[in-house]
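Here is the structure we will look at.
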Amino acid sequence: MSAVRVIPLQAGDCLNLAAITERGAPWRLQAYPAGFSLLLHPVHGPVLFDTGYGESVVQAMRRWPGVLYGLVTPVRLHLQATARAQLAVMGFAPQDVQHIIVSHLHADHVGGLRDFPHATFHLDRAAYEPLRALRGLKAVRRAFLPEALPADFEARARWLPFQAAPPDLAPFAQVADVFGDGSVWAVPLPGHAPGMVGLLVPEAQGLSVLAADAAWSVRAAREARPPHPLARAAFFDPSQEEASGAQLRAFLQAHPHARVHVSHDAPEGWR
Ligand SMILES: [Zn+2]
């Protein structure tokens, strides 16, 4: 079987204060891409890791309480820039996407789920359980917009089958073989959001590490560059977030040639 190929993409971006994302950075607004990845799988075809923003988020932000999400995190999205529109340009119809791996349920990662009606959603059960009952302000406070999820989300969700990781994946203790063929591995990176996962993808050129929101920048994924305390306060579990960041850094130090992607920074090339 040939290897999976990872294509980094973005669907919209959000504005944030640079000083919040990294301690010591200037207090100015900066646009951060809402990144996601297309994984070209030799058997399963186009697989998505998140979707970036989508029309459903834009609609939710027009109504209370979603409007608050837009006030805290201004969103920019052109309709030609959704995951669905970009895949169409590449020749993939929505029904070609049978699998979407969801890193976590923040609105900037799941805004396009409704655009792929045939997809199964692979995620950590722990990402959904603490949020599933939240509505209104309680949900928005967690950057979760329930109306952005398809109505049949639960029926289409498949929980990642975590098991003990082999020693060469240290310090990750748990891993899930997403398709059961060794092509895509999910590892837990909880804290920023409950049950967040990253992916390890052995590509033909080498290993790609898709770290989702475990760091705000590629540099912060490789070196300890903590965000502002205000950003830490917004994490689901700050101490878990710190531990996940440390695990990611240790893994990248042990695999210095791996290519790392984070959701809100430009993708890194091969080293
Ligand atoms: Zn997030």
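Atoms within a ligand are numbered from 1 in the order they appear, just like the ligands themselves. Just so you know, residue 1 is the first one in the sequence shown, and it goes up from there.
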What pairs meet the salt bridge (Lys or Arg N to Asp or Glu O under 4.0 Å) rule with one or both residues in residues 76-87, with sequence neighbours excluded?
-> D13-R76
Under a single-linkage rule joining Ile, Leu, Val, Met, Phe, Trp and Tyr whose side-chain heavy atoms are separated by less than 4.5 Å, which residues share a cluster with V197?
-> V4, V6, L39, V47, F49, I101, L160, F162, V178, F179, V184, L199, V201, L210
Just one of D124, D213, D50 clears the side chain to side chain donor-acceptor pair (under 3.5 Å) bar with S103, so which one?
-> D50
Applying salt bridge (Lys or Arg N to Asp or Glu O under 4.0 Å) to D168 and not counting sequence neighbours gives none
Pair H106-H192, side-chain donor/acceptor within less than 3.5 Å | yes
Excluding waters, which are neither shown nor counted, protein N/O/S atoms under 2.8 Å from the Zn ion (ligand 1) come to 4
Classify the ring geometry between F153 and F121 as parallel (under 30°), tilted (30 to 60°) or perpendicular (over 60°).
-> parallel
